[in-house]
Asks: 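This is the structure I have questions about; it appears just below.
For the single chain, residues carry numbers from 1 onward in sequence order.
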Amino acid sequence: FCNIVNSILEENTIFARIGGEEFCITFINKTVNESKIISEEIRNKCQNNIILIDDNKIQFTISLGLSFRNNFSSIDEILQVSDELLYKAKRNGRNRLIISQ
């Protein structure tokens, strides 16, 4: 997963694990549409990736929640909303991106 994400992100983008199976990407100087395109590229690349371990093929999908700084006053709020969006994506069938309005 990390190799996929790192292969897509620009060098100045912050990507980190924030707990358990949850990760955070901080897009710098990206529009809403650019952030959405990058997020969908990551989701699609994960969905289409096959990992071979011995003779076993392993595939996985990811769910994403995307929120934007201009809508909130603190990093805690941004992360809370992104987390809520992530769980909404999981409840709605997984393997999808949900964006804050």
Asks: Does K90, at its NZ atom, have more than 12 non-hydrogen atoms belonging to other residues, nucleotides or ligands within less than 6.0 Å?
Replies: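 Yes, NZ of K90 has more than 12 neighbouring heavy atoms, counting only those of other groups under 6.0 Å.
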Asks: Compare every heavy atom of L66 with every heavy atom of S82, then report the nearest pair and how far apart it is.
Replies: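 Between these two residues, the closest heavy atoms are OG-C, 4.4 Å.
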Asks: If I take atom CG from residue L9 and atom CD1 from residue I4, how far apart are they, to the nearest 0.5 angstrom?
Replies: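 If we round to the nearest 0.5 Å, L9:CG and I4:CD1 are 11.5 Å apart.
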Asks: Quick check: closest heavy atoms across L97 and S39, and the distance to 0.1 Å?
Replies: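 Distance-wise, the nearest heavy atoms are CD2-CB, 3.9 Å.
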Asks: Please lay out, stage by stage, how R43 and N95 fare under the test side chain to side chain contact (heavy atoms under 4.5 Å, CB included).
Replies: CA-CA 7 Å; R43 189 190 62 74; N95 192 27; 3.1 Å; yes
Asks: Say whether, by atom type as modelled, one donor and one acceptor occur between the side chain of R17 and the main chain of G20 under 3.5 angstrom.
Replies: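 Answer holds: yes.
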Asks: Determine, using the 4.5 Å side-chain heavy-atom cutoff (strictly less than), whether I38 and V5 are members of one ILVMFWY cluster.
Replies: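 Yes.
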Asks: Could you check whether atom CG of N29 has more than 12 heavy atoms from other residues, nucleotides or ligands sitting under 6.0 Å from it?
Replies: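 Check fails, neighbour count at 12 or below.
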Asks: Taking atom OG1 of T26 and atom CD1 of I14, what is their separation to the nearest 0.5 Å?
Replies: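 Reported value, rounded in 0.5 Å steps: 5.0 Å.
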Asks: Once you round to the nearest 0.5 Å, how far does CD1 of I42 lie from OG of S7?
Replies: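 Between I42 CD1 and S7 OG, I get 8.5 Å after rounding to 0.5 Å.
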Asks: Would you compute the distance between atom CD1 of I78 and atom SG of C24 and round it to the nearest 0.5 angstrom?
Replies: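 Separation between the atoms: 8.5 Å.
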Asks: Among the clusters formed by ILVMFWY side chains lying less than 4.5 Å apart, do L85 and I62 turn up in the same one?
Replies: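 No, it is not one cluster - the side chains of L85 and I62 are not joined through contacts under 4.5 Å.
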Asks: Evaluate I25 against L64 for side chain to side chain contact (heavy atoms under 4.5 Å, CB included), listing each step before the verdict.
Replies: CA-CA 10 Å; I25 298 172; L64 302 106; 5.8 Å; no
Asks: Using 30° and 60° as the class limits, which term best fits the ring planes of F15 and F23: parallel, tilted or perpendicular?
Replies: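 Parallel: the ring planes of F15 and F23 meet at under 30°.
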Asks: Between CG of D54 and CG of L52, what distance do you get to the nearest 0.5 Å?
Replies: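 If we round to the nearest 0.5 Å, D54:CG and L52:CG are 10.0 Å apart.
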Asks: Please report the C-alpha distance between N49 and F1 in whole Å, then the side-chain angles of each, then the deciding distance to 0.1 Å, and finally whether the side chain to side chain contact (heavy atoms under 4.5 Å, CB included) criterion is met.
Replies: CA-CA 9 Å; N49 187 57; F1 170 71; over 6 Å; no
Asks: Minimum heavy-atom separation for K30 and E10, please, with both atom names.
Replies: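 Shortest heavy-atom separation between K30 and E10 comes out as NZ-OE2, 2.9 Å.
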Asks: How many angstroms lie between atom CD1 of I8 and atom NZ of K45, to the nearest 0.5 angstrom?
Replies: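 Between atom CD1 of I8 and atom NZ of K45 there are 5.0 Å.
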Asks: Please report the shortest heavy-atom distance between N12 and I28, naming the atom on each side.
Replies: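 Looking at all heavy atoms of both residues, the closest pair is O-CD1, 3.2 Å.
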